[in-house]
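Step one of this worksheet: look at the structure below.
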Amino acid sequence: MARNGVYTDAATKITNSPTTPYVQIPNDSRYQFSENRRERLNGQANIQFKPTDRLEITIDGLYARNKLSDERSEQTNWFQRPFTEITFDDNKQMQSAVILAESKQADKGYEQQRFATKTELYSFGGNLKWNFTDVLSLKLDANHSKSTTDPDNANGTSATTISIGALVRATHKVDFTSGFPQQSETLNDCNATNGGRGGNCNNILDIGDMGTQIAREIFSEQESRVNQFNAELGWDLGNESRFVFGGNYVDAKTRSASSNTQQLLGDWGITDTGLVSRLAGDLVSTYCLTCKFDKFDPASTGSALVAFRGDAVDLLNVFGPYYANVPGRGRVLQGSSDDTVGEKTWAVYGQLNWTGDIGGRRANALIGARYEQTRVNSLALQSIPTALEWQSDNDFAVLGGAAGGAVNVKASYDNLLPSLDFNIEVLDNVVARTSFSRTLARADYGNLFASVSANAPNRPTALGAGAAPASRQNPGLLPLVSDNFDVSVEWYYKPTSFVSVGFFNKNVRNFVGNQVTSGNLFGLRDPGSGAAGSRSGTALDYLRSNGIAQTDENLFAYTALLQQNAGNRAAATAAFQGALDPATGKLNGAFYNKLALDVNLVGDSNDPLVNFAISEPINNREANIHGFEIAWTNFFGQTGLGSPPRTPRSAAT
């Protein structure tokens, strides 16, 4: 690996230096403790009556409620680069870092998360069967169903997260070689280089070392509604044969709406050490998270045995209002979307169930066909991102704006679905069967949304980050269609036993695969690209030219200083050099934290457009599935239960 780069410097101890073109290096190591609850309530009723021998009426209803809640606490260590030690595995395709060590003073994060949703479902319908002659019958069926999922946290959110932390970690090492991540670390809660914000200086990790960082609120709701109607006319042809003709109509609609906000509290640099103890000391408890593992040994020592737990909603109710009126610390909308997909399908079908003799041999046939047409209407309302904001070293955020115009996409498709099942007793106790059918499965509603989401990169593009992830769905997806054929022969060698040999073949098309393309979305520009002529490009050139470690922190700092000094390179350089420790090549912690709090960078005209990796579902795959089946069933004598009938099975079902 290159020395004096993003991950290593001249002092880094590298073991098994990689020879593959690419390597995998994690961004953090974390443990999580979660407690969840589920409460379910069901009720149903059914009423059936026959006013005459020829008329039967059924009415039924169902109600169900499901409440889910999950309270989580994390213990997170973000890796600070360059590493002091790094070891790679022996994978020949892509080597991964399996031991990582660092010695930079940094924060330990203890994000508290609370998720809660409530889902309610109700369904009611009716069915009428009327045999209006001895051979003719009419069946009518109707159903209405609706399901809703809503936020169920006390503050009206689906998820509330608040990150608290302490700037106390002096060294940190993670070893993945045992198959389970094992951490070790040392503590320094008396770190003057962070402006006195390192902790309460009692050499113990406790609530007095804690400050706040970032809070997020997520609001999500879903609603699905289905109306179905069916009518079927039946004609009894005699000799166990019957013909039916019918039609049905299905009107389905699904809506999914979500939004999320972010509130900058003490920021990632934890500018308010001691505030948690002062304002919420009774809401946060101390416990040993790594002791919760029964079957694994995290091998943690010292401060790694200490974790903190509190209700995220209760904590945000304290710190949200506290920071609400502080400039730059209010709640900010990060994005919103509102998707509705409607599907209307009508169909007609006919089916003949025939039973008779061919050449003196018993035979059954089921012949049918169904034609259906589906229309899809996808409507999206979403906030249009205004900028990609670089907030600190590897912290980026996509800023959401006001909701834009509606995006409406319509699609339609139709299908003819024939089917044939036939069986005949070719010899005594030997039955031959064959069948053909065409079936379909519709795409998930989530794949039919029209909205587009753009996500932030996990570090600056200039220092090797891949394309920022993004996704969009595809309302024009076609259903999966399968042509199915099978044939078999069965020998009933005893009244209750048989041997079967069969062959099947399926040709399936329109599998939903995933396509990833590169491109820009919403005109967003990349403030961390490192492109020539941009602020980050100037900063990257300065670091390279002066032999300064090309870390996320150094790159952000010099870029932020350029903006803070209106592009004056001399002023930016003087400020940067004044805060840089020549011995370590690292910036003064207090200086950097204040700079990161004061300056946020958004793309300008000198920055290139963000290159997103846009993931999208498409119909791009086909498959053929075939094979043989052999089955043997041998029933022994049964007492008191009766024996299975000797009559061969009928395919006309």
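Side-chain atoms are counted along with the backbone in the values below, which use heavy atoms only and exclude waters and symmetry mates.
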Is a donor on one side and an acceptor on the other found under 3.5 Å between the side chain of [X] and the backbone of [Y]?
X: N42; Y: Y63; result: no
X: N619; Y: N510; result: yes
X: S256; Y: Q222; result: no
X: D357; Y: G360; result: no
X: S178; Y: F180; result: yes
X: R225; Y: D251; result: yes
X: E56; Y: L128; result: no
X: N239; Y: T355; result: yes
X: N16; Y: F88; result: yes
X: N131; Y: T133; result: no

Item to complete: Check step by step if side-chain contact (heavy atoms from CB on, under 4.5 Å) holds for L480 and V512.
Response: CA-CA 8 Å; L480 183 149; V512 176; over 6 Å; no
Discussion item. Could you check whether any side-chain heavy atom of R38 comes within less than 4.5 Å of a side-chain heavy atom of K67, counting everything from C-beta outward?
Written reply: no
Atom [atom1] of [X] with >12 non-hydrogen neighbours under 6.0 angstrom:
X: F132; atom1: CZ; answer: yes
X: R621; atom1: CZ; answer: no
X: W130; atom1: CH2; answer: no
X: K50; atom1: NZ; answer: yes

For [X] and [Y], test the side chains for any donor-to-acceptor distance below 3.5 angstrom and give the result as yes or no.
X: Y493; Y: W632; value: yes
X: N46; Y: T58; value: no
X: S96; Y: Q24; value: yes
X: N624; Y: N505; value: yes
X: S497; Y: N634; value: yes
X: S158; Y: T117; value: no
X: S258; Y: S220; value: no
X: N66; Y: T119; value: no
X: D28; Y: T76; value: no
X: N364; Y: N423; value: yes
X: T439; Y: N484; value: yes
X: N143; Y: S123; value: yes

Check [Y] with [X], please: is the shortest side-chain N to carboxylate O separation under 4.0 Å?
X: R114; Y: D311; answer: yes
X: R72; Y: E35; answer: no
X: R216; Y: E111; answer: yes
X: E425; Y: R362; answer: no
X: D150; Y: K118; answer: no
X: R370; Y: E372; answer: yes
X: K506; Y: D486; answer: no

Discussion item. Show, in sequence, the C-alpha distance, side-chain angles and deciding distance for E343 and Y445, and conclude whether the side-chain contact (heavy atoms from CB on, under 4.5 Å) test is met.
Written reply: CA-CA 9 Å; E343 276 188 340; Y445 285 116; 3.4 Å; yes
Practice prompt. List the steps, then state whether side-chain contact (heavy atoms from CB on, under 4.5 Å) holds for Q373 with K344.
Written response: CA-CA 8 Å; Q373 185 179 84; K344 294 183 178 180; over 6 Å; no
Worksheet item: Parallel, tilted or perpendicular for Y122 and F124, by the 30°/60° rule?
Response: parallel
Fill in: Plane angle bin for F503 and F628 - parallel if under 30°, tilted between 30 and 60°, otherwise perpendicular
tilted
Item to complete: Show your working on side-chain contact (heavy atoms from CB on, under 4.5 Å) between N230 and Y349 and close with a plain yes or no.
Response: CA-CA 11 Å; N230 191 84; Y349 61 90; 3.5 Å; yes
Discussion item. The test is salt bridge (charged side-chain N to carboxylate O under 4.0 Å, His left out); show your working for D338 and R255 and say whether it passes.
Written reply: CA-CA 7 Å; D338 190 335; R255 175 177 177 262; 2.9 Å; yes
Distance, nearest 0.5 Å, that separates [atom1] of [X] from [atom2] of [Y]:
X: T157; Y: F219; atom1: OG1; atom2: CZ; answer: 6.0 Å
X: L352; Y: F243; atom1: CG; atom2: CZ; answer: 7.0 Å
X: T345; Y: Q228; atom1: OG1; atom2: CD; answer: 10.0 Å
X: L440; Y: R509; atom1: CG; atom2: CZ; answer: 10.0 Å

Discussion item. Run the salt bridge (charged side-chain N to carboxylate O under 4.0 Å, His left out) test on D134 and R54 for me, step by step, so that the C-alpha distance in whole Å, both residues' side-chain angles and the decisive distance to 0.1 Å come before the verdict.
Written reply: CA-CA 9 Å; D134 290 340; R54 294 181 177 270; 2.6 Å; yes
Discussion item. For F436 and F485, I'd like to know if the aromatic rings sit close, meaning centre-to-centre distance below 6.0 Å.
Written reply: no
Item to complete: For E120 and K146, run salt bridge (charged side-chain N to carboxylate O under 4.0 Å, His left out): C-alpha distance rounded to whole Å, both residues' side-chain angles, the deciding distance at 0.1 Å, then the answer.
Response: CA-CA 8 Å; E120 290 185 287; K146 186 176 182 180; over 6 Å; no
